[in-house]
Amino acid sequence: MRAGIGFDVHLFKTGRRLVLGGVEIEYHKGLIGHSDADVLAHAIMDALLGAAGLRDIGVYFPDSDIRYKNISSLLLLKEVKKIINDRGFEIINIDSMLILEKPKVSPYIPAMLKKLSDTLELDPGRIGIKATTTEGLGFCGREEGIAVQSIALLE
Ligand code: MG
């Protein structure tokens with residue numbers, strides 16, 4: 001059994017798409033990033049890579065690489081699954097905590113679970129997605145960005 005943690009933050013910008021767990025969320029601002037800035041997918045990838053004893057996503061998918069410009073992070077997540085499977089690891093479960101003040105994401109969580117479950121070929125019952133605010137405190141509370149913490153268990 002191997003556990004790994006992931007953490008990521010992206011900054012909000014008006015007019016960008018907001019994509020979390022592969023699901024586009026209706027909001028007047030989205031996250032800035034080289035890829036689609038799917039902060040949830042990024043934190044999960046780092047948790048998976050860490051559990052496998054590997055380096056972070058910046059090493060595998062550098063933001064200097066034009067191939068990853070505006071790419072769906074689910075494609076990168078699929079690639080990470082392949083990397084860990086090739087090393088003999090299978091995912092037992094993943095849990096994540098989205099930290100944001102707005103928008104309300106709970107109506108979108110079932111769709112995120114479906115996308116992540118399909119991408120990882122993993123039973124949705126093995127994927128946790130939760131959300132919390134910081135009661136208005138800090139950069140998440142000021143709605144400047146979204147942070148995500150993830151943990152993954154591999155065998
Ligand atoms: Mg990121």
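Start at 1 and go down the list; that is how both ligands and their atoms are numbered. These numbers come from the heavy atoms of this one structure, side chains and all, not from hydrogens, waters or symmetry mates.
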Check against side chain to side chain contact (heavy atoms under 4.5 Å, CB included), Glu26 and Tyr108:
CA-CA 10 Å; Glu26 252 182 83; Tyr108 296 93; 3.8 Å; yes
Parallel, tilted or perpendicular, as decided by the 30° and 60° cut-offs, for the rings of Phe12 and Tyr27:
tilted
Begin from the C-alpha positions of Leu74 and Lys115 and carry the test side chain to side chain contact (heavy atoms under 4.5 Å, CB included) through to its verdict.
CA-CA 8 Å; Leu74 291 187; Lys115 289 268 190 190; 3.9 Å; yes
Test your reading of the model: is there a side-chain donor-acceptor pair from Gln149 to the backbone of Phe7, 3.5 Å cut-off?
no
Taking only residues two or more places apart in sequence, or in another chain, which ones meet Asp63 in a salt bridge (Lys or Arg N to Asp or Glu O under 4.0 Å)?
none
Please give me the protein atoms (N, O or S only) lying under 2.8 Å from the Mg ion (ligand 1), ordered by chain and number.
Asp8 OD2, His10 NE2, His42 ND1
Check against side-chain hydrogen bond (donor to acceptor under 3.5 Å, both in side chains), Ser35 and His42:
CA-CA 10 Å; Ser35 63; His42 294 184; 3.3 Å; yes
